[in-house]
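To start, the structure under review is shown below, and the notes come after it.
None of the values given here were measured: they were computed from a predicted structure. We name chains A, B, ... by the order of the sequence lines, and we start the count at 1 in each one.
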Amino acid sequence: MKISLRDQHGVIELDVRADGDRYVVEIDGHTHEVRLHGEALVVDGHQHTVATARDGQARLVAIGGEVHRFEPHSGAEHTMEHVAAPEVTAPMPGKILQVLVQVGDKVAVGDGLVVLEAMKMETRLSAEAAATVREVRVAAGDMINGGQVLMVLEYGG
Amino acid sequence: MKISLRDQHGVIELDVRADGDRYVVEIDGHTHEVRLHGEALVVDGHQHTVATARDGQARLVAIGGEVHRFEPHSGAEHTMEHVAAPEVTAPMPGKILQVLVQVGDKVAVGDGLVVLEAMKMETRLSAEAAATVREVRVAAGDMINGGQVLMVLEYGG
Amino acid sequence: MIKRVLVANRGEIAIRILRGCREMGLSTVAVYSEADAEAPHRAAADQAVCIGPPPSSESYLNITKLIGAAKHTGADAIHPGYGFLAENAAFAQAVIDAGLIFIGPTPAAIESMGDKTNARRMAVAAGVPVVPADEAPPTEPAALTAAAGKVGYPLLIKAAAGGGGKGMRIVRQAVHLIEAFAAAGREALSAFGDGRVFLERYVERPRHVEVQILADHHGNVVHLGERECSIQRRHQKIIEETPSPAVSPAIRRAMTDAALAIARAVNYRNAGTVEFLLAPDDSFYFLEVNTRLQVEHPITELVTGIDLVQAQLRIAQGEPLWLRQEDIVARGHAIECRICAEDPAQQFFPSPGTITRLREPRGPGVRVDSGVAEGFTVPIFYDPMLAKLAVWGETREAARRRMITALRDYVILGCTTAIPFLIDVLEHTAFSEGATQTHFIAEHFPKWENPQRHRHIAAIAAAIEAQRAKQPSAAGTSGPHQVATPWQTLGHWRVGEA
Amino acid sequence: MIKRVLVANRGEIAIRILRGCREMGLSTVAVYSEADAEAPHRAAADQAVCIGPPPSSESYLNITKLIGAAKHTGADAIHPGYGFLAENAAFAQAVIDAGLIFIGPTPAAIESMGDKTNARRMAVAAGVPVVPADEAPPTEPAALTAAAGKVGYPLLIKAAAGGGGKGMRIVRQAVHLIEAFAAAGREALSAFGDGRVFLERYVERPRHVEVQILADHHGNVVHLGERECSIQRRHQKIIEETPSPAVSPAIRRAMTDAALAIARAVNYRNAGTVEFLLAPDDSFYFLEVNTRLQVEHPITELVTGIDLVQAQLRIAQGEPLWLRQEDIVARGHAIECRICAEDPAQQFFPSPGTITRLREPRGPGVRVDSGVAEGFTVPIFYDPMLAKLAVWGETREAARRRMITALRDYVILGCTTAIPFLIDVLEHTAFSEGATQTHFIAEHFPKWENPQRHRHIAAIAAAIEAQRAKQPSAAGTSGPHQVATPWQTLGHWRVGEA
């Protein structure tokens, strides 16, 4: 079975075949023999202690102190280069302490946009590039969710 | 809901009613208010850390270093006084090392019946009372399961 | 004699204190906010009392509710833990006024050390060196700018009432002074209910070294050696160790003498910590006194063998100190890592969530003080610390390697933590050489990305899960020993098919 | 220098040794029988090799398979753990002949101490007292009876090749001699592959006290103090502690001198334990030398701060002892309880099963060396020990209370264990007074039943589960913090309805 996984570094294509009590996994042109025993994932005879959990559609994998997050990758999506997103989103749930800009303001790279507080810590979100503020969707005192859009910018302003 | 539980000490009758975010439990003529929070069972304001597991139809409950095993009790069954069971059962899985008696033998209390080995330990099963051996179902060298009937006695022989 | 202790805190420290009380045969009372009804600390006591809505100001900082809970449950003593009301003299006084024992110093000592400007004055009077500072800067911008110039740049703005990095800002140029001053004041007000801040010369590349003290009600004071807490992010400690690799016997003698002098000057009682900056030239400066148990107390317990929580309880009930200074001998080396819900790849932003998998390291010399459990949703209202991992080793190098092994074994899924970052810090040559200072992270890890050593193995694990989810009867764990493993807990997984 | 270690063992000790190797940066190889394919120790190494079918004789005792596994994986050293082949001189020799390092004493020392009659002779030669015995009793009944009479009753029949209570019988009257002799011989043959047994006078109400030694390849020998292991059932230790409450400084000096004399007499290398009986009149008698790591080594590690496994590895690679006798200082008190799959209410019958719930205690001073995990089915082929719980405290009383608290927190469901019994032993006045001796259990617990302090609360817990199973949408955990708890993992429950 062919499986495509995507993490922040790109797409990984794998081919997984069950073969008796083992799996044959092809990845990056290399073929590996894989077995599962208790918490051990045995790849070509080398054991790794692995723990996994769901995170929505994604899978989290803990291994040797690292945590990896893989999403299923459908062929239709294409990897894009990182560009500054026009939406300013909350990196975590919390509370808006101060909104530092208004609609129409022009901001330079690094200029403060909003001050928020979460887990007793005050954090300032700044502009990633020069931009014009197009929308402001929150006000001081608002409770916000992680990922919520706080304002919309137009870059290159 | 009325619930009957049975452990080795007898039958416990309870009446459990859900009432909002709490339970009202009647046991032995006393009424208790019970709440569940995480691993805490809160009975009349006093918290107990409780862990449970299934064991076939029974439930195991660990609390404060004790382990209790409750089976559902159907009204049809009646509690009996403890009498020596005619079947001699294996207390654990293991291997029969020696059978010390034959069918027809008369044994006195404490007489050895069978020697078995489990987990590298040799254990002798003895007669709980004077009896006559009616059946011997195992031979030296047999692997046995826990609870398996090894022989049948007739007490009072 | 204390019989029933209410712990006015949450998380790992509440659990640690409750356990200490249980071992001493005391009955225990936990308190919890509505956000913590399912929190592990709540279940760790004989009784638990809900003290209000999620925000700390309405629950863990609510003195009336806490005293009421103690009265209601018949507690005769209150342990404040750290943070929240631990350094609030009014709380300590309210506890005493209610006829209960406050497990900590006197309100007078808390007040006198809690006011950083007063603490500095007392240190100077006790002959202990301090850094140049303005204890009561004016708030009017022009006057503030002038006052800051007198202290000298770089300077630090700090909350007069608090500690732990909250309400703290470094200012390197006058142009940033005004905004930083306002932000620090706001944070201080929110965290401590007191918005006053002060200015202090910023010592470059210092180490943060602190001395643990214990004092009884009869005038006896001892120290338990130092801790170095230089590895910090967001001005908050993340790795602590004892002994400090930079503290020679001569420095230790001078620094512990200074700590004892300050403790005696304020008639200190119970456990406390005297914090110093240690400069590269081995000079040191008094910073402040933390009039409470510290987060990092376990490493002192590991090297001295003295249980600080149980010592606090015994001192609080009037027992004369059973330890002479010469009985207190540090053995080996201990290191602590704070495990927080935070993302080291995103400037240590808090990262709350539900812990879906938790496996804590164990083994000889490994201690985990945890406040969470599998399935627990970390509330957004409180400090992001989930647990502390402390290790002991015969040598610093043995402790360092043990810590790396333990961090590699630590599994927390559902909340991002700094575990992979901590491993990189511990493996850095500068750390293994003991070249630690408060700019360690800024200097050695100006930019950090999650390591990808195991990316392919992790992908194989995820892919096999996907395959098993589609074809549950396929290969893998089988036979009589088939049991619930992580591999078998998964359901549907959407994948592209060949 | 050792680079890759194969651990020729299973369970908790394999995991503990593998962890020690990992901390030292060594790569690791586990071995497992077909019954242990899913065992936690198997997953704890970098590589794992299957060495045969479930019976130990075909796997963990199979020298050819073990040497082959080491060769195949490129291991350059083998650690035998305890039990299995740990005291088998032929195995040690085979390891050396294969060009590998055996992490333990020389084959000659194992052989000379493994033969109990020879060990006795060497002890006598070294001036160490021994109990009256017949080292090679005749097997012919009449001659055996006469030989036993000369030794004197009560007497003990012990395996010449083994330890740990296997192949051991007490005989108080001549009439039971013949059957006991035969049974002991059978057990000895099965456990050690050597059916020879010997007779020894039985000292009444003795304490079992042993001395830990470490010796390098350069003639240096040190001791690490004593352990008392008097609390036994089925002649096997179940609770151990250090220091012994009965050992005065004078006894300690004499006993450790005796242990060092014996170690020097056999040119002992690596870790070893010299066992003694301590009589109520403070006289002591040499019993035997265990030429390996002991089960109960953690308590010595806890009080001395010395990692015995890592010491074994360093000694095995030729490192001269880095410890002088005066550097080794015991601090505080440590207690260990063995947690076995056994039923204390049924004469400690083994009770294998599948572990359906496991929650290990934690906290300051608590160490769990575990060989099992939730979901693991304990094989019936091996020793029933699941884990060891060790605690450290500043005093014996602090350690005792910590142990009781930890045992109360320990949850193992699916296998019956002695946890509730251990709590009762630790709470017994005779234990808290230090009046321990090898008949402690027979004397104070001739009959024991599971305590029922919490029976009603447990019944309430079970009944609420039953109710929830029937009416899953009923009261209980709810709201945003609803998570998987034990209460929600249950399915159908057959109950009588109102």
Honestly, the part of A:L60 sitting under 4.5 Å from a heavy atom of chain C is both
Between C:E179, C:E342, C:Q347, which shows the greatest number of heavy-atom pairs under 4.5 Å with chain A?
C:E179
Can A:H32 and C:H456 be said to form a side-chain contact (heavy atoms from CB on, under 4.5 Å), step by step?
CA-CA 11 Å; A:H32 303 281; C:H456 272 195; 5.8 Å; no
Sub-4.5 Å heavy-atom contacts with chain C: which residues of residues 93-104 of chain A show up?
A:P93, A:G94, A:Q98
Using the side-chain contact (heavy atoms from CB on, under 4.5 Å) rule, take C:N450 and A:V67 through it: C-alpha gap first, then chi angles, then the decisive distance, then the call.
CA-CA 8 Å; C:N450 274 291; A:V67 175; over 6 Å; no
So C:T356 and A:R54, do their side chains get closer than 4.5 Å, heavy atoms only?
no
Where on A:V16 is there a heavy atom nearer than 4.5 Å to chain C: the side chain, the backbone, both, or neither?
both
When heavy-atom pairs shorter than 4.5 Å are enumerated against chain A, which of C:S56, C:P352, C:S190 gives the highest number?
C:P352
Heavy-atom closest pair, residues C:I423 and A:G65:
CD1-CA, 3.8 Å
Is the CD atom of C:E427 crowded by more than 12 outside heavy atoms at less than 6.0 Å?
yes
Taking all non-hydrogen atoms of both residues into account, name the closest pair between C:A459 and A:L5 and its distance.
O-CD1, 3.5 Å
Sequence neighbours left out, what passes salt bridge (Lys or Arg N to Asp or Glu O under 4.0 Å) with A:E87? Give chain and number order.
none
Within the structure provided, determine whether C:Q467 and A:R17 are in side-chain contact (heavy-atom separation under 4.5 Å).
no
Using the rule given for side-chain contact (heavy atoms from CB on, under 4.5 Å), can you reason through C:I380 versus A:M143, listing the C-alpha separation, both sets of side-chain angles and the distance that settles it, and then say yes or no?
CA-CA 11 Å; C:I380 63 161; A:M143 297 298 293; 4.2 Å; yes
Is there side-chain contact between A:L36 and C:I464, with heavy atoms separated by less than 4.5 Å?
yes
Using non-hydrogen atoms only, which part of C:A458 is less than 4.5 Å away from chain A: side chain, backbone, both, or neither?
both
Scanning both residues in full, the closest heavy-atom pair of A:A53 with C:L413 reads N-CD1, 3.6 Å
Would you name the heavy atoms of C:R357 and A:A51 that are closest together and state the gap between them?
NH2-CB, 3.4 Å
Checking heavy atoms, do the side chain of C:I412, its backbone, both or neither come under 4.5 Å from chain A?
backbone
Heaviest contributor of heavy-atom pairs below 4.5 Å to chain C, chosen from A:I27, A:V34, A:V115, is A:I27
Would you please test C:E187 and A:E117 for side-chain contact (heavy atoms from CB on, under 4.5 Å) and show each step?
CA-CA 9 Å; C:E187 259 184 49; A:E117 188 192 70; 5.7 Å; no
Hey, does C:D409 have a side-chain heavy atom less than 4.5 Å from the side chain of A:T49?
no
When every non-hydrogen atom of C:P451 is compared with those of A:H68, the smallest separation belongs to O-CE1, 4.0 Å
Any Lys/Arg nitrogen of C:R455 or A:E66 sitting under 4.0 Å from an Asp/Glu carboxylate oxygen of the other?
no
Does any backbone or side-chain atom of A:R124 lie under 4.5 Å from a heavy atom of chain C? Answer side chain, backbone, both or neither.
side chain
